[in-house]
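Protein chains get the first letters and strands the later ones, always in sequence-line order, with residue 1 at the start of each.
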Amino acid sequence: MNKLIIIFVSFLLFLPVQEEDLVQFSHYLMGEKPGEIGLLLHFRIAEGFHVQSARPLDDNLVPTVLNFELPEGLEVKEIVYQEHEFITLQGQEDPLAVYGPNLVIRVVLNADREEHYWGVVTGELTYQACDAVKCYYPRSYSFELELETHGGF
Amino acid sequence: MIGLCFLVFGYSMGLSAQKDTTALLQAPYFELNDLDGNLVTSTDFPGKYLVIHIAATWCPFCNAEAPYLEQLNRDYSDKGVQVLIIDVKESAALVQEKLQDRFNFTFPVLLDLDGAVAASFAPEGVLPELSRDEVMLASNLLIDPEGNIRFMSLLDSRNFDAELLDLKQVLNKCLAGE
């Protein structure tokens with residue numbers, strides 16, 4: 001019998017905000033069933049900015065990518081990025097696939113744990129942002145979130 | 001009549017006509033390697049106008065402009081114009097694959113590995129919160145045979161001129177002796 005616990009947790013721990021963070025971790029939702037943890041991560045993108053999609057239409061562009069440092073017993077099963085929007089540069093036919101002003105990413109972790117676990121995991125979002133004036137170097141944003149499993153798997 | 005137009009953030013500022021060219025800004029000297037490892041300097045093209053685009057492989061605006069740069073080179077290379085791309089902070093292998101192999105440029109692509117050359121062109125006081133080389137990404141410059149900057153446009157996403165219409169307008173006037 002699947003056990004599904006939905007816990008709404010605001011971000012409890014995070015690394016010091018970097019001065020030039022154009023994307024910031026907002027909050028997450030967590031659900032749990034035997035052998036899996038589901039996360040819905042919400043990020044805010046600075047007003048007026050957009051970031052390239054995880055699946056840019058142009059291979060030259062830097063995709064938004066989420067990675068995790070996970071403890072033993074947890075591993076990433078699936079990462080699903082939200083649907084992107086399209087913007088078109090002046091003088092161009094092919095649009096850009098972008099995210100903004102918010103970004104939601106669904107993550108499913110395989111949890112091979114039999115005991116109750118609580119810990120802090122570190123995530124890193126790599127992205128490349130532009131606003132109405134400039135495009136900015138690709139950069140990475142690190143964040144932390146509390147993860148709790150109730151075991152019994 | 002000699003005029004200098006700066007196009008910054010979509011605004012153009014024209015100086016009044018003057019025969020005295022001391023108000024024109026001198027472009028900084030640079031020397032960079034091209035993709036084949038050959039040293040190229042800003043004084044290697046005597047008597048020519050230089051059209052310089054400062055780029056990065058990941059920059060969407062740079063990629064959008066690339067075909068128009070190549071076309072400009074084809075249209076103007078026999079008119080005393082030399083086009084150059086200065087790529088910022090990327091390896092030769094990456095630039096070869098992402099830019100040269102993709103767009104088949106017939107002009108030199110130079111590697112500004114530490115961004116110092118790009119930074120040297122950055123206008124003082126513009127976007128001070130950014131590093132100087134970052135300010136110059138996706139910018140276009142026109143430098144006359146005397147080394148004077150006749151045109152500079154910084155990226156303005158709202159008024160992005162992929163087809164280089166503004167630069168060509170100034171270039172045509174310069175070539176016509178206006």
Pairs involving residues 99-109 of chain A, ordered by first then second residue, that meet salt bridge (charged side-chain N to carboxylate O under 4.0 Å, His left out) (sequence neighbours left out): A:E78-A:R106
Where at least one partner belongs to residues 95-118 of chain B, residue pairs that pass salt bridge (charged side-chain N to carboxylate O under 4.0 Å, His left out), sequence neighbours excluded: A:D58-B:R102
Chain A-proximal positions within residues 51-61 of chain B [heavy-atom distance under 4.5 Å]: B:T57, B:W58, B:C59, B:P60, B:F61
Residue pairs involving residues 68-88 of chain A (criterion ring pair (Phe, Tyr, Trp, His ring centres under 6.0 Å); sequence neighbours excluded): A:H84-A:F86
B:E146 atom CD, neighbour heavy-atom count above 12 within 6.0 Å: yes
Heavy atoms of other groups near B:K173 NZ, more than 12 under 6.0 Å: no
Ring centroid separation A:Y99 to A:Y127 under 6.0 Å: no
Region of A:L96 in contact with chain B, defined by heavy-atom distances below 4.5 Å: side chain
